[in-house]
Amino acid sequence: MLEKVDEFDMEKIIEDFEAMTKDAERVQRKTLKKILEENGSVEYLQGFGLNGRTDPESFKACVPLVTHQDVGPYIQRIADGDSSPILTGKPIPTFSLSSGTTQGRPKSVPFNDELMETTMQIFQTSFAFRNREYPIANGKALQFIYGSKHLKTRGGLATGTATTNVYRNQGFKNTMKSVQSQCCSPDEVIFGPDFQQSLYCHLLCGLIFNDEVQLISSTFAHSIVLAFGTFELLWEELCANIRDGVLSDRITVPSIRSAVSKLLTPNPELADLIHGKCSGLSNWYGLIPALFPNAKYIYGIMTGSMEPYLKKLRHYAGQLPLVSADYGASEGWIGANVNPTLPAELTTFAVLPNIGYFEFIPMKNNRGEQPVGLTEVKVGEEYEVVLTNVAGLYRYRLGDIVKVVGFYNSTPELKFVCRSNLLLTINIDKNTEKDLQLSVEEAAKILAAEKLEVVDFSSHVDLSTDPGHYVIFLELNGEPSHEVLRECCNCLDKSFIDPGYMSSRKVNTIGPLELRILRKGTFQEILNYYIAQGAVVNQFKTPRCVGPNNSKVLQLLCGNVVRSFFSTAYN
């Protein structure tokens, strides 16, 4: 059993959180002051005339709102080896890469020790609240986590995915030990060069320690669903490895093979137990608690683009609670889930006022309103998040749309809505990722009546036709009739209720929606493509709206179409 290491005081963490959220505005001013005192003399800020001022009013008046495109050249200079104070007073040691699944290519952003400290604060805060509801004793976590290679920039600085930078950090490992959540798998599995081999060994290591596993987690819900979908195919081989104490020949990476073989000894009793559990399940319902009887909950990001996977995850989870992880991005953290008993779809995130300086651009009517401060937001309104962090980003538009659903003391509780740049739009229509998801959910109800499921989905705006039209790609787990698919196609078209879309469809300035059914395994091909490009599964999000800048993914989608239908909903 795992010894408690550097156990932190959970009640003190909650007390500190309570104190800072009761005085969020003062904490925000103090946080901005600290950031500007440490970095006020950097080249980027020098041109804006702050002249040593650190108050929010001067900061907002002088420093412009920016996107990654605006700060990209500064980041590139640092990456190329310019060690002068460009964005931060201290040198930037590392860069984080975003997933690249949103824009078709990854973004590079600075990562430093201060940002790592905010990561640990978020982890510890949410764990303290989570552990009050679902206490875990000494044990292990089955974590489906994967690191990427640490590459070097032209200037010799380390660069890797945001999750890799966290997993490699000793502070992360110490925190996981202190919360009794040490990973079942050795580092060689986490940082292995072959994703499929790492996934197999994560499953195997979890089974070896099956009675010690207290929670199952990954960065995203998608990774957990993928892992247990793989288990369905390979469970008998995994049982054989445990029975004989010999690792499968499919594991060929020497470092992985050596590390996992050390954990394997012949255990026919465990193999029989697992075999019996799997044989007794109906369509794999309740697989996770059957395999891991002491697991308390399943943990990962389950909001936004992860919501479509919750139905399948609940199927595997049975009665185990699903708890959504915290809210952040490659650029930095925003809020912690301090209400872990809420259903995953209703998860909210309380903003930690000391981990960055936050502003919010009102989305109401989108009239170019000025950003408001953290404590000035209104319940029920939607905003785009603006972040000033401890790693050299100032008034940075994150591109996330959130809804304020309440306040925890004086700090807002946010619900993630969608990415602002994921829009299906042809003329006056504006449909977000959330609108797409709701439309697909309506069509899925028709399929459910036929005992069929949507495996995954994406979309595209086809402007090669006149007028242009929406294309929805669906991968299904079976083959419905033409009649059912025509009904789904019409349902998708009718379910986009944006007034601009509906009026444009009625006068035919947007053409009939097209439903394209994909060959089974298409989205696995897309995942494999991203992994081949250097992405890691931790950060993979299925591209929901594929634009022309993502030509390879569009090619994969279009090349795997087996049937297509046009809507007659507005005929």
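Heads up: numbering here begins at 1 and tracks the sequence.
In this pair, Phe349 and Tyr327 present their aromatic rings tilted. The plane angle is within the 30 to 60° band. Ring pair His315/Tyr285 is perpendicular by interplanar angle, where above 60° counts as perpendicular and below 30° as parallel.
Shown here for Pro467 and Asn508, the closest heavy-atom pair between the two residues is CG-O, 3.3 Å. Counting all heavy atoms, side chain and backbone alike, Lys140 lies closest to Cys184 at CB-SG, 3.8 Å. Residues Phe144 and Ala227 share a closest heavy-atom pair of CE2-CB, 3.5 Å. Between Tyr530 and Pro543, the shortest heavy-atom distance links the atoms OH-CG, 3.6 Å. Closest heavy-atom contact between Leu207 and Ile242: CB-CD1, 3.7 Å. The nearest pair of heavy atoms linking Leu226 to Leu527 is CD2-CD2, 3.6 Å.
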Go through it in stages, so that I can follow the logic: the residues are Glu232 and Tyr316, the test is side-chain hydrogen bond (donor to acceptor under 3.5 Å, both in side chains), and I'd like the CA-CA distance, side-chain angles, deciding distance and then a yes or no. CA-CA 11 Å; Glu232 287 187 37; Tyr316 288 135; 2.5 Å; yes
Could you go step by step and tell me if Thr230 and Tyr200 meet the side chain to side chain contact (heavy atoms under 4.5 Å, CB included) rule? CA-CA 8 Å; Thr230 303; Tyr200 184 91; over 6 Å; no
Full working for side-chain hydrogen bond (donor to acceptor under 3.5 Å, both in side chains) between Tyr396 and Asp70: CA-CA 9 Å; Tyr396 180 95; Asp70 300 311; over 6 Å; no
Report the C-alpha separation of Ile334 and Leu414 in whole Å, then their side-chain angles, then the decisive distance to 0.1 Å, and conclude whether the side chain to side chain contact (heavy atoms under 4.5 Å, CB included) test is met. CA-CA 9 Å; Ile334 293 106; Leu414 310 176; 4.1 Å; yes
Does the ring-ring contact (aromatic ring centres under 6.0 Å, His included) test come out yes or no for Trp235 and Phe228, once each step is laid out? CA-CA 10 Å; Trp235 69 278; Phe228 287 101; over 10 Å; no
Run Trp284 and Cys278 through side chain to side chain contact (heavy atoms under 4.5 Å, CB included) and show every step you take. CA-CA 7 Å; Trp284 301 102; Cys278 292; 4.0 Å; yes
Give the intermediate values and the outcome of side chain to side chain contact (heavy atoms under 4.5 Å, CB included) for residues Glu442 and Leu492. CA-CA 7 Å; Glu442 287 302 310; Leu492 287 164; over 6 Å; no
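The salt bridge (Lys or Arg N to Asp or Glu O under 4.0 Å) analysis of residues 456-466, with sequence neighbours excluded, yields the pairs Asp456-Arg544, Asp462-Arg516.
In summary, the side chains of His68 and Arg397 do not present any donor paired with an acceptor at a separation below 3.5 Å, with no hydrogens or angles considered. At a cut-off of 3.5 Å, with distance as the only test, no side-chain donor of Asn241 or Ser248 sits close to an acceptor on the other residue. Glu433 and Gln437 share no side-chain donor-acceptor pair at under 3.5 Å. Using modelled atom types, one finds no donor on one side chain facing an acceptor on the other under 3.5 Å when comparing Tyr299 with Asn337. Between the side chains of Gln197 and Thr252, at least one donor N or O sits under 3.5 Å from an acceptor N or O.
Rounded to the nearest 0.5 angstrom, Ser439 OG and Ile472 CD1 are separated by 6.0 Å. Taken to the nearest 0.5 Å, the OG atom of Ser504 stands 15.0 Å off from the NE2 atom of His469. With rounding to the nearest 0.5 angstrom, the CG atom of Asp326 is 8.0 Å from the CD1 atom of Ile301. Once rounded to the nearest 0.5 Å, the distance linking CG of Leu342 with OG of Ser324 reads 10.5 Å. To the nearest 0.5 angstrom, Asn431 atom CG is 8.5 Å from Thr425 atom OG1.
More than 12 heavy atoms of other residues, nucleotides or ligands lie within 6.0 Å of NZ in Lys415, so this atom counts as buried by the packing criterion. Other residues, nucleotides and ligands place no more than 12 heavy atoms under 6.0 Å from the CD1 atom of Ile497. Within 6.0 Å of NZ on Lys277 lie no more than 12 heavy atoms contributed by other residues, nucleotides or ligands.
By the 4.0 Å N-to-carboxylate-O rule, Arg519 lies too far from Glu479 to be salt-bridged with it. The pair Glu188-Arg257 fails the salt-bridge criterion, with no side-chain N (NZ, NE, NH1 or NH2) lying under 4.0 Å from an Asp/Glu carboxylate O.
With hydrogens and angles ignored, the 3.5 Å screen pairs a side-chain donor or acceptor of Asn490 with a backbone N or O of Thr568. Judged purely by atom type and a 3.5 angstrom limit, Ser261 has no side-chain atom pairing as donor or acceptor with the backbone of Ser258. Looking at Ser223, its side chain never comes within 3.5 Å of a backbone N or O of Ser218 through a donor-acceptor pair. A side-chain donor-acceptor contact under 3.5 Å links Thr347 to the backbone of Ala344. Although no hydrogens or angles enter the test, the distance criterion places no donor-acceptor pair under 3.5 Å between the side chain of Asp493 and the main chain of Ser567. Looking at Glu475, its side chain does come within 3.5 Å of a backbone N or O of Thr522 through a donor-acceptor pair. Remark: the backbone N or O of Glu331 is paired with a side-chain donor or acceptor of Asn389 at under 3.5 angstrom.
For Phe195 and Tyr146, the distance between ring centers is under 6.0 angstrom. Aromatic rings from Tyr470 and His460 are positioned such that their centres are separated by 6.0 Å or more.
Put simply, the residue from Ile526, Val461, Val471, Leu554 that forms a side-chain contact (heavy atoms from CB on, under 4.5 Å) with Val546 is Leu554.
Geometrically, Lys311 does not engage Tyr309 in a cation-pi contact, judged by NZ or CZ lying under 6.0 Å from the ring centre and within 45° of the ring axis.
Qualifying salt bridge (charged side-chain N to carboxylate O under 4.0 Å, His left out) partners for Glu487, counting only residues two or more places apart in sequence or in other chains: none. By the salt bridge (charged side-chain N to carboxylate O under 4.0 Å, His left out) test, Asp244 pairs with no residue at all, sequence neighbours left out.
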